[in-house]
There are 2 protein chains.
Amino acid sequence: MARVGLTTERLTRAGAELADEVGFAQVTVSALARRFDVQVASLYSHVKGSAELKTGIALFALAELADRVTEALAGRAGKDALSAFANAYRDYAREHPGRFAAAKHPLDAETAAASAGPRHAQLTRAILRAYDLDEPDETHAVRLLGGVFQGFVTLELAGGFAHSSPDARQSWDWAIEALDALLRNHATTDGE
Amino acid sequence: MARVGLTTERLTRAGAELADEVGFAQVTVSALARRFDVQVASLYSHVKGSAELKTGIALFALAELADRVTEALAGRAGKDALSAFANAYRDYAREHPGRFAAAKHPLDAETAAASAGPRHAQLTRAILRAYDLDEPDETHAVRLLGGVFQGFVTLELAGGFAHSSPDARQSWDWAIEALDALLRNHATTDGE
DNA sequence: CCCATTTAGCTAAAGTCTTTAGGTATATGT
DNA sequence: ACATATACCTAAAGACTTTAGCTAAATGGG
(Lines give C-alpha, C1' and ligand atoms only; values in the text may rest on other atoms or scores of the structure.)
Protein backbone atom coordinates (compact mmCIF):
# COMPACT_ATOMS: atom_id res chain seq x y z
CA MET A 1 0.00 0.00 0.00
CA ALA A 2 3.10 2.16 -0.08
CA ARG A 3 2.10 5.76 0.36
CA VAL A 4 2.99 8.08 -2.46
CA GLY A 5 2.70 11.34 -0.58
CA LEU A 6 -0.17 13.04 -2.36
CA THR A 7 -1.03 16.59 -1.40
CA THR A 8 -3.30 19.19 -2.95
CA GLU A 9 -0.18 21.12 -3.83
CA ARG A 10 1.50 18.27 -5.68
CA LEU A 11 -1.68 17.32 -7.47
CA THR A 12 -2.23 20.85 -8.75
CA ARG A 13 1.34 21.06 -9.92
CA ALA A 14 1.16 17.70 -11.67
CA GLY A 15 -2.15 18.77 -13.16
CA ALA A 16 -0.46 21.82 -14.66
CA GLU A 17 2.21 19.62 -16.21
CA LEU A 18 -0.42 17.26 -17.53
CA ALA A 19 -2.25 20.22 -19.04
CA ASP A 20 0.86 21.24 -20.93
CA GLU A 21 1.25 17.73 -22.26
CA VAL A 22 -2.28 16.81 -23.27
CA GLY A 23 -4.24 20.06 -23.13
CA PHE A 24 -6.12 21.66 -20.28
CA ALA A 25 -9.47 20.27 -21.44
CA GLN A 26 -8.05 16.73 -21.22
CA VAL A 27 -6.96 17.10 -17.62
CA THR A 28 -8.97 14.61 -15.67
CA VAL A 29 -8.96 13.19 -12.16
CA SER A 30 -8.49 9.73 -13.66
CA ALA A 31 -5.49 10.71 -15.77
CA LEU A 32 -3.89 12.33 -12.76
CA ALA A 33 -4.45 9.19 -10.68
CA ARG A 34 -2.80 7.09 -13.36
CA ARG A 35 0.15 9.44 -13.33
CA PHE A 36 0.66 8.81 -9.62
CA ASP A 37 -0.10 5.10 -9.94
CA VAL A 38 -2.89 5.38 -7.47
CA GLN A 39 -6.59 4.56 -7.45
CA VAL A 40 -8.84 7.32 -8.74
CA ALA A 41 -10.86 7.62 -5.56
CA SER A 42 -7.70 8.32 -3.58
CA LEU A 43 -7.43 11.77 -5.09
CA TYR A 44 -10.74 12.75 -3.58
CA SER A 45 -9.09 13.04 -0.18
CA HIS A 46 -7.02 15.94 -1.50
CA VAL A 47 -9.22 17.52 -4.12
CA LYS A 48 -12.98 18.00 -3.98
CA GLY A 49 -13.42 16.95 -7.58
CA SER A 50 -12.76 17.70 -11.18
CA ALA A 51 -13.97 21.29 -11.00
CA GLU A 52 -11.83 22.17 -8.02
CA LEU A 53 -8.80 20.56 -9.59
CA LYS A 54 -9.19 22.70 -12.65
CA THR A 55 -9.68 25.96 -10.82
CA GLY A 56 -6.67 25.03 -8.72
CA ILE A 57 -4.58 24.71 -11.86
CA ALA A 58 -6.02 27.98 -13.13
CA LEU A 59 -5.02 29.80 -9.96
CA PHE A 60 -1.57 28.26 -10.08
CA ALA A 61 -1.04 29.34 -13.70
CA LEU A 62 -2.32 32.85 -13.05
CA ALA A 63 0.09 33.27 -10.16
CA GLU A 64 3.02 31.77 -12.00
CA LEU A 65 2.43 34.03 -14.97
CA ALA A 66 2.22 37.08 -12.72
CA ASP A 67 5.53 36.07 -11.16
CA ARG A 68 7.15 35.77 -14.53
CA VAL A 69 5.89 39.17 -15.59
CA THR A 70 7.01 40.74 -12.33
CA GLU A 71 10.48 39.38 -12.86
CA ALA A 72 10.61 40.52 -16.46
CA LEU A 73 9.55 44.02 -15.45
CA ALA A 74 12.25 44.55 -12.81
CA GLY A 75 14.20 47.69 -13.48
CA ARG A 76 12.44 48.57 -16.71
CA ALA A 77 10.13 51.38 -17.69
CA GLY A 78 8.39 52.84 -20.72
CA LYS A 79 8.51 50.96 -23.98
CA ASP A 80 11.19 48.70 -22.59
CA ALA A 81 8.78 47.58 -19.86
CA LEU A 82 5.90 47.21 -22.28
CA SER A 83 7.99 44.97 -24.47
CA ALA A 84 9.25 42.91 -21.53
CA PHE A 85 5.71 42.40 -20.26
CA ALA A 86 4.42 41.38 -23.65
CA ASN A 87 7.23 38.95 -24.30
CA ALA A 88 7.06 37.38 -20.86
CA TYR A 89 3.37 36.81 -21.50
CA ARG A 90 3.84 35.34 -24.96
CA ASP A 91 6.79 33.19 -23.94
CA TYR A 92 4.85 31.73 -21.06
CA ALA A 93 1.97 30.83 -23.34
CA ARG A 94 4.28 29.14 -25.82
CA GLU A 95 6.24 27.25 -23.17
CA HIS A 96 3.14 26.24 -21.24
CA PRO A 97 0.13 26.15 -23.54
CA GLY A 98 -1.87 24.05 -21.10
CA ARG A 99 -1.28 26.39 -18.20
CA PHE A 100 -2.04 29.34 -20.44
CA ALA A 101 -5.36 27.73 -21.33
CA ALA A 102 -5.92 27.13 -17.62
CA ALA A 103 -5.33 30.82 -16.92
CA LYS A 104 -8.35 31.53 -19.13
CA HIS A 105 -10.56 29.13 -17.19
CA PRO A 106 -13.60 31.05 -15.94
CA LEU A 107 -13.63 31.69 -12.20
CA ASP A 108 -16.54 32.78 -10.10
CA ALA A 109 -16.38 36.36 -8.85
CA GLU A 110 -15.11 35.53 -5.39
CA THR A 111 -12.37 33.17 -6.56
CA ALA A 112 -11.33 35.63 -9.24
CA ALA A 113 -11.00 38.41 -6.71
CA ALA A 114 -8.70 36.27 -4.58
CA SER A 115 -6.67 35.13 -7.60
CA ALA A 116 -3.59 36.71 -9.14
CA GLY A 117 -5.90 38.35 -11.69
CA PRO A 118 -5.92 41.71 -9.93
CA ARG A 119 -2.13 41.49 -9.73
CA HIS A 120 -2.03 41.31 -13.51
CA ALA A 121 -4.00 44.52 -13.71
CA GLN A 122 -1.63 46.16 -11.23
CA LEU A 123 1.38 45.12 -13.25
CA THR A 124 -0.15 46.65 -16.35
CA ARG A 125 -0.84 49.85 -14.45
CA ALA A 126 2.78 49.95 -13.36
CA ILE A 127 3.84 50.02 -17.00
CA LEU A 128 1.31 52.62 -17.93
CA ARG A 129 2.55 55.01 -15.29
CA ALA A 130 5.38 55.94 -17.62
CA TYR A 131 2.86 57.00 -20.26
CA ASP A 132 1.18 59.40 -17.89
CA LEU A 133 -2.45 58.79 -18.84
CA ASP A 134 -5.39 60.44 -17.09
CA GLU A 135 -8.16 58.33 -15.65
CA PRO A 136 -10.28 56.81 -17.10
CA ASP A 137 -7.83 56.48 -19.98
CA GLU A 138 -5.46 54.40 -17.92
CA THR A 139 -8.21 51.89 -17.17
CA HIS A 140 -9.16 51.77 -20.83
CA ALA A 141 -5.53 51.13 -21.67
CA VAL A 142 -5.24 48.34 -19.09
CA ARG A 143 -8.14 46.60 -20.76
CA LEU A 144 -6.86 47.18 -24.27
CA LEU A 145 -3.46 45.74 -23.43
CA GLY A 146 -4.98 42.80 -21.60
CA GLY A 147 -7.16 42.09 -24.60
CA VAL A 148 -4.37 42.37 -27.15
CA PHE A 149 -1.97 40.12 -25.32
CA GLN A 150 -4.57 37.53 -24.49
CA GLY A 151 -6.16 37.56 -27.93
CA PHE A 152 -3.08 37.73 -30.09
CA VAL A 153 -1.34 34.90 -28.29
CA THR A 154 -4.48 32.78 -28.29
CA LEU A 155 -4.88 33.17 -32.04
CA GLU A 156 -1.23 32.42 -32.59
CA LEU A 157 -1.35 29.26 -30.47
CA ALA A 158 -4.50 28.12 -32.23
CA GLY A 159 -2.51 28.20 -35.43
CA GLY A 160 -4.35 31.18 -36.85
CA PHE A 161 -1.16 32.71 -38.19
CA ALA A 162 0.51 29.54 -39.32
CA HIS A 163 1.19 28.93 -42.99
CA SER A 164 1.27 32.61 -43.76
CA SER A 165 4.06 35.10 -43.80
CA PRO A 166 5.43 37.12 -42.16
CA ASP A 167 5.78 34.98 -39.09
CA ALA A 168 3.90 35.74 -35.91
CA ARG A 169 6.95 37.07 -34.10
CA GLN A 170 7.27 39.99 -36.49
CA SER A 171 3.62 40.90 -36.13
CA TRP A 172 4.03 40.73 -32.39
CA ASP A 173 6.94 43.16 -32.43
CA TRP A 174 5.07 45.42 -34.78
CA ALA A 175 2.05 45.38 -32.48
CA ILE A 176 4.13 46.29 -29.44
CA GLU A 177 5.69 49.15 -31.36
CA ALA A 178 2.28 50.34 -32.47
CA LEU A 179 0.82 50.13 -28.97
CA ASP A 180 3.72 52.10 -27.59
CA ALA A 181 3.06 54.85 -30.13
CA LEU A 182 -0.65 54.71 -29.37
CA LEU A 183 -0.05 55.17 -25.65
CA ARG A 184 2.40 58.01 -26.16
CA ASN A 185 -0.17 59.79 -28.31
CA HIS A 186 -2.73 59.55 -25.57
CA ALA A 187 -0.55 61.01 -22.84
CA THR A 188 -2.09 63.85 -20.91
CA THR A 189 -2.08 66.95 -23.07
CA ASP A 190 -2.65 70.04 -20.96
CA GLY A 191 -4.20 71.95 -23.84
CA GLU A 192 -7.22 69.66 -24.24
CA MET B 1 -41.50 5.37 -33.01
CA ALA B 2 -42.59 8.64 -34.56
CA ARG B 3 -39.72 10.10 -36.55
CA VAL B 4 -38.52 13.46 -35.43
CA GLY B 5 -36.70 14.46 -38.59
CA LEU B 6 -33.13 14.67 -37.41
CA THR B 7 -30.52 15.94 -39.81
CA THR B 8 -26.90 16.97 -39.37
CA GLU B 9 -28.02 20.50 -40.09
CA ARG B 10 -30.69 20.59 -37.41
CA LEU B 11 -28.43 18.94 -34.88
CA THR B 12 -25.67 21.46 -35.41
CA ARG B 13 -28.12 24.31 -35.12
CA ALA B 14 -29.65 22.91 -31.95
CA GLY B 15 -26.15 22.32 -30.65
CA ALA B 16 -25.39 26.00 -31.14
CA GLU B 17 -28.50 26.96 -29.19
CA LEU B 18 -27.59 24.52 -26.46
CA ALA B 19 -24.12 26.03 -26.30
CA ASP B 20 -25.61 29.47 -25.71
CA GLU B 21 -27.75 28.10 -22.92
CA VAL B 22 -25.36 25.88 -21.02
CA GLY B 23 -21.93 26.73 -22.39
CA PHE B 24 -20.02 25.22 -25.29
CA ALA B 25 -18.02 22.91 -23.05
CA GLN B 26 -21.25 21.39 -21.75
CA VAL B 27 -22.57 20.53 -25.20
CA THR B 28 -22.85 16.80 -25.31
CA VAL B 29 -24.34 14.20 -27.60
CA SER B 30 -26.49 13.01 -24.72
CA ALA B 31 -27.85 16.44 -23.90
CA LEU B 32 -28.70 16.99 -27.54
CA ALA B 33 -30.53 13.66 -27.69
CA ARG B 34 -32.56 14.61 -24.62
CA ARG B 35 -33.47 17.86 -26.30
CA PHE B 36 -34.95 15.97 -29.25
CA ASP B 37 -36.49 13.31 -27.02
CA VAL B 38 -34.63 10.63 -28.81
CA GLN B 39 -32.23 7.87 -27.83
CA VAL B 40 -28.59 8.90 -27.69
CA ALA B 41 -27.42 6.33 -30.20
CA SER B 42 -29.83 7.73 -32.79
CA LEU B 43 -27.71 10.81 -33.22
CA TYR B 44 -24.82 8.70 -34.42
CA SER B 45 -26.54 8.23 -37.77
CA HIS B 46 -26.21 11.95 -38.40
CA VAL B 47 -23.06 12.91 -36.57
CA LYS B 48 -19.86 10.88 -36.27
CA GLY B 49 -19.46 11.68 -32.61
CA SER B 50 -18.88 14.30 -30.01
CA ALA B 51 -15.83 15.77 -31.71
CA GLU B 52 -17.52 16.17 -35.05
CA LEU B 53 -20.57 17.74 -33.43
CA LYS B 54 -18.40 20.35 -31.78
CA THR B 55 -16.42 21.23 -34.86
CA GLY B 56 -19.73 21.43 -36.72
CA ILE B 57 -20.96 24.01 -34.24
CA ALA B 58 -17.65 25.84 -34.51
CA LEU B 59 -17.93 26.06 -38.28
CA PHE B 60 -21.52 27.21 -38.01
CA ALA B 61 -20.62 29.96 -35.55
CA LEU B 62 -17.65 31.11 -37.59
CA ALA B 63 -19.81 31.42 -40.70
CA GLU B 64 -22.67 33.12 -38.89
CA LEU B 65 -20.31 35.64 -37.35
CA ALA B 66 -18.73 36.35 -40.74
CA ASP B 67 -22.22 36.93 -42.16
CA ARG B 68 -23.05 39.36 -39.41
CA VAL B 69 -19.85 41.27 -39.95
CA THR B 70 -20.37 41.35 -43.70
CA GLU B 71 -23.81 42.82 -43.20
CA ALA B 72 -22.57 45.37 -40.70
CA LEU B 73 -19.85 46.46 -43.10
CA ALA B 74 -22.12 47.11 -46.08
CA GLY B 75 -21.63 50.62 -47.43
CA ARG B 76 -19.16 51.69 -44.78
CA ALA B 77 -15.48 52.57 -44.91
CA GLY B 78 -12.72 53.94 -42.73
CA LYS B 79 -13.35 54.42 -39.07
CA ASP B 80 -17.04 53.88 -39.61
CA ALA B 81 -16.33 50.41 -40.97
CA LEU B 82 -13.85 49.64 -38.21
CA SER B 83 -16.42 50.53 -35.61
CA ALA B 84 -19.18 48.55 -37.34
CA PHE B 85 -16.94 45.47 -37.53
CA ALA B 86 -15.92 45.73 -33.92
CA ASN B 87 -19.44 46.18 -32.66
CA ALA B 88 -20.87 43.38 -34.78
CA TYR B 89 -18.21 41.14 -33.30
CA ARG B 90 -18.83 42.17 -29.72
CA ASP B 91 -22.60 42.08 -30.05
CA TYR B 92 -22.47 38.58 -31.46
CA ALA B 93 -20.34 37.40 -28.56
CA ARG B 94 -22.70 38.92 -26.03
CA GLU B 95 -25.83 37.58 -27.68
CA HIS B 96 -24.36 34.15 -28.31
CA PRO B 97 -21.64 33.42 -25.78
CA GLY B 98 -21.78 29.69 -26.49
CA ARG B 99 -21.38 30.14 -30.22
CA PHE B 100 -18.61 32.64 -29.61
CA ALA B 101 -16.82 30.06 -27.49
CA ALA B 102 -17.41 27.54 -30.26
CA ALA B 103 -15.80 29.89 -32.77
CA LYS B 104 -12.62 29.62 -30.71
CA HIS B 105 -12.67 25.82 -30.80
CA PRO B 106 -9.38 24.63 -32.27
CA LEU B 107 -9.65 23.19 -35.78
CA ASP B 108 -7.11 21.10 -37.60
CA ALA B 109 -5.34 22.88 -40.44
CA GLU B 110 -7.46 21.43 -43.22
CA THR B 111 -10.79 22.15 -41.55
CA ALA B 112 -9.65 25.64 -40.64
CA ALA B 113 -8.70 26.36 -44.22
CA ALA B 114 -12.16 25.34 -45.40
CA SER B 115 -13.89 27.30 -42.62
CA ALA B 116 -15.06 30.89 -42.61
CA GLY B 117 -11.82 31.79 -40.82
CA PRO B 118 -10.12 33.07 -43.97
CA ARG B 119 -13.25 35.09 -44.69
CA HIS B 120 -12.75 36.89 -41.39
CA ALA B 121 -9.25 37.83 -42.45
CA GLN B 122 -10.59 39.07 -45.79
CA LEU B 123 -13.19 41.21 -44.07
CA THR B 124 -10.53 42.77 -41.91
CA ARG B 125 -8.41 43.46 -44.98
CA ALA B 126 -11.38 45.15 -46.60
CA ILE B 127 -11.53 47.61 -43.73
CA LEU B 128 -7.82 48.20 -43.76
CA ARG B 129 -7.85 49.16 -47.41
CA ALA B 130 -9.07 52.60 -46.38
CA TYR B 131 -6.00 53.03 -44.19
CA ASP B 132 -3.70 52.40 -47.09
CA LEU B 133 -1.04 50.31 -45.34
CA ASP B 134 1.92 48.75 -47.12
CA GLU B 135 2.59 45.05 -46.81
CA PRO B 136 3.59 43.54 -44.46
CA ASP B 137 2.00 46.21 -42.27
CA GLU B 138 -1.47 45.29 -43.44
CA THR B 139 -0.94 41.70 -42.35
CA HIS B 140 0.38 42.85 -39.00
CA ALA B 141 -2.69 45.02 -38.61
CA VAL B 142 -5.04 42.16 -39.50
CA ARG B 143 -3.49 40.13 -36.69
CA LEU B 144 -3.53 42.99 -34.23
CA LEU B 145 -7.21 43.68 -34.83
CA GLY B 146 -8.08 40.00 -34.68
CA GLY B 147 -6.27 39.73 -31.41
CA VAL B 148 -7.81 42.81 -29.85
CA PHE B 149 -11.37 41.91 -30.73
CA GLN B 150 -11.02 38.32 -29.69
CA GLY B 151 -9.14 39.08 -26.50
CA PHE B 152 -11.06 42.08 -25.27
CA VAL B 153 -14.43 40.43 -25.74
CA THR B 154 -13.23 37.20 -24.15
CA LEU B 155 -12.02 39.05 -21.07
CA GLU B 156 -15.23 41.03 -20.88
CA LEU B 157 -17.40 37.90 -21.12
CA ALA B 158 -15.29 36.16 -18.50
CA GLY B 159 -16.20 38.97 -16.15
CA GLY B 160 -12.74 40.46 -16.10
CA PHE B 161 -14.08 44.00 -16.28
CA ALA B 162 -17.08 43.52 -14.05
CA HIS B 163 -17.34 45.33 -10.75
CA SER B 164 -15.07 48.13 -11.90
CA SER B 165 -15.79 51.38 -13.60
CA PRO B 166 -15.94 52.67 -16.21
CA ASP B 167 -18.05 50.02 -17.85
CA ALA B 168 -16.70 47.81 -20.60
CA ARG B 169 -18.61 49.60 -23.33
CA GLN B 170 -16.70 52.80 -22.80
CA SER B 171 -13.35 51.04 -22.89
CA TRP B 172 -14.45 49.34 -26.08
CA ASP B 173 -15.29 52.65 -27.76
CA TRP B 174 -12.05 54.12 -26.52
CA ALA B 175 -10.12 51.17 -27.93
CA ILE B 176 -11.75 51.50 -31.34
CA GLU B 177 -10.93 55.19 -31.38
CA ALA B 178 -7.35 54.46 -30.42
CA LEU B 179 -6.96 51.73 -33.04
CA ASP B 180 -8.30 54.05 -35.70
CA ALA B 181 -5.69 56.63 -34.76
CA LEU B 182 -3.00 53.97 -34.69
CA LEU B 183 -3.86 52.80 -38.19
CA ARG B 184 -4.00 56.32 -39.58
CA ASN B 185 -0.54 56.97 -38.16
CA HIS B 186 0.83 53.93 -39.92
CA ALA B 187 -0.51 54.81 -43.36
CA THR B 188 2.03 54.75 -46.15
CA THR B 189 4.23 57.80 -45.90
CA ASP B 190 5.98 58.44 -49.21
CA GLY B 191 8.89 60.15 -47.54
CA GLU B 192 10.13 57.09 -45.62
C1' DC C 1 8.13 1.06 23.25
C1' DC C 2 3.50 0.21 22.37
C1' DC C 3 -1.01 1.41 21.81
C1' DA C 4 -4.53 4.91 20.13
C1' DT C 5 -5.56 7.97 16.78
C1' DT C 6 -5.35 9.90 12.50
C1' DT C 7 -5.28 9.55 7.73
C1' DA C 8 -3.48 8.01 3.08
C1' DG C 9 -4.86 5.22 -0.11
C1' DC C 10 -7.99 1.06 -1.17
C1' DT C 11 -12.31 -1.53 -2.87
C1' DA C 12 -17.01 -1.34 -4.29
C1' DA C 13 -20.70 0.66 -6.53
C1' DA C 14 -23.87 3.90 -8.83
C1' DG C 15 -24.42 7.49 -12.27
C1' DT C 16 -23.23 9.86 -16.67
C1' DC C 17 -21.36 10.12 -21.30
C1' DT C 18 -19.47 7.90 -25.66
C1' DT C 19 -19.53 4.77 -29.09
C1' DT C 20 -20.44 0.36 -31.75
C1' DA C 21 -23.48 -3.46 -33.37
C1' DG C 22 -27.42 -5.02 -34.90
C1' DG C 23 -32.68 -4.85 -34.98
C1' DT C 24 -37.43 -2.80 -36.32
C1' DA C 25 -40.56 0.15 -38.23
C1' DT C 26 -41.47 4.03 -41.31
C1' DA C 27 -40.86 6.38 -45.69
C1' DT C 28 -40.03 6.33 -50.68
C1' DG C 29 -40.25 4.99 -55.36
C1' DT C 30 -41.11 1.79 -58.95
C1' DA D 1 -48.24 -3.09 -53.26
C1' DC D 2 -43.93 -4.29 -52.41
C1' DA D 3 -38.93 -3.78 -52.12
C1' DT D 4 -35.51 -0.94 -50.59
C1' DA D 5 -33.44 2.39 -47.89
C1' DT D 6 -33.05 4.53 -43.62
C1' DA D 7 -34.61 6.79 -39.21
C1' DC D 8 -34.67 5.59 -34.80
C1' DC D 9 -34.46 1.78 -31.42
C1' DT D 10 -32.37 -1.66 -27.84
C1' DA D 11 -28.29 -3.66 -25.91
C1' DA D 12 -23.81 -3.51 -24.31
C1' DA D 13 -18.99 -2.24 -23.35
C1' DG D 14 -15.70 1.17 -21.91
C1' DA D 15 -14.20 5.65 -19.68
C1' DC D 16 -14.70 9.31 -16.16
C1' DT D 17 -16.85 11.15 -11.69
C1' DT D 18 -18.17 10.83 -7.25
C1' DT D 19 -19.66 8.79 -2.68
C1' DA D 20 -19.26 5.38 1.12
C1' DG D 21 -16.98 2.62 3.96
C1' DC D 22 -12.59 -0.10 4.88
C1' DT D 23 -7.56 -1.13 5.94
C1' DA D 24 -3.08 -0.36 6.84
C1' DA D 25 0.58 2.94 7.49
C1' DA D 26 2.31 6.95 9.98
C1' DT D 27 2.41 9.66 14.35
C1' DG D 28 2.62 10.85 19.03
C1' DG D 29 1.53 10.49 24.15
C1' DG D 30 1.80 7.58 28.13
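Only heavy atoms go into these numbers, but all of them, side chains included; no hydrogens, no water, no symmetry mates. Letters go in sequence order (proteins before strands), and every chain restarts at 1. Just so it is clear, the model here is predicted, and its values are computed rather than measured.
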* To do: Take the protein atom CZ of R35(B) and the nucleotide atom C1' of dC8(D), then report the distance between them rounded to whole Å.
  => 20 Å

* Asked: What nucleic acid atoms does S30(B) come within less than 4.0 Å of, heavy atoms only: base, sugar-phosphate, or nothing?
  -> base

* Nearest of dC9(D), dC10(C), dT19(C) to any side-chain atom of Y44(B)? -> dT19(C)

* Have a look at L43(A) and say if it touches a base, only the backbone sugar-phosphate, or nothing, with a 4.0 Å heavy-atom cut-off. => nothing

* What do you reckon, is CD of E135(A) surrounded by more than 12 foreign heavy atoms closer than 6.0 Å? -> yes

* Using a strict 4.0 Å threshold on nitrogen-to-oxygen distance, state whether R13(A) and E9(A) make a salt bridge. => yes

* To do: Would you tell me if any nitrogen or oxygen in the side chain of S50(B) comes within less than 4.0 Å of OP1 or OP2 on dC17(C)?
  => no

* Is T28(A) near enough to dT17(D) that one of its side-chain N or O atoms lies under 4.0 angstrom from OP1 or OP2? -> yes

* To do: Between dT10(D), dT17(D), dT18(C), spot the one nearest the side chain of Q39(B), thanks.
  => dT10(D)

* Assign A31(A) to base, sugar-phosphate, or nothing according to its heavy-atom contacts below 4.0 angstrom with the strands shown. => nothing

* Asked: For residues R125(B) and T139(B), is any side-chain donor paired with an opposing acceptor at under 3.5 Å?
  -> yes

* State plainly whether the residues R169(A) and E156(A) are in salt-bridge range, i.e. N to O under 4.0 Å. => no

* To do: Select one nucleotide: of dA20(D), dA24(D), dC17(C), the one nearest the side-chain heavy atoms of R3(A).
  => dA24(D)

* Asked: If you look at every strand shown and take non-hydrogen atoms under 4.0 Å, does S45(B) touch a base, only sugar-phosphate, or nothing?
  -> base

* **Test: R129(A) and E138(A) ion pair at under 4.0 Å** => no

* Do the side-chain N and O atoms of T70(B) and D67(B) include a donor-acceptor pair separated by under 3.5 angstrom? -> no

* **Rounded interatomic separation in angstrom, taking CG from D37(B) and C1' from dA7(D)** => 16 Å

* To do: Compare the minimum distances between each of dG9(C), dC8(D), dT20(C) and the side chain of H46(B), then state the nucleotide with the smallest one.
  => dC8(D)

* For the helix from dC1(C)-dG30(D) to dT30(C)-dA1(D), what is the angle between the axes at its two ends, each from 5 pairs, rounded to 10°? -> 0°

* **Side-chain (R76(B)) to main-chain (A72(B)) donor-acceptor, under 3.5 angstrom** => yes

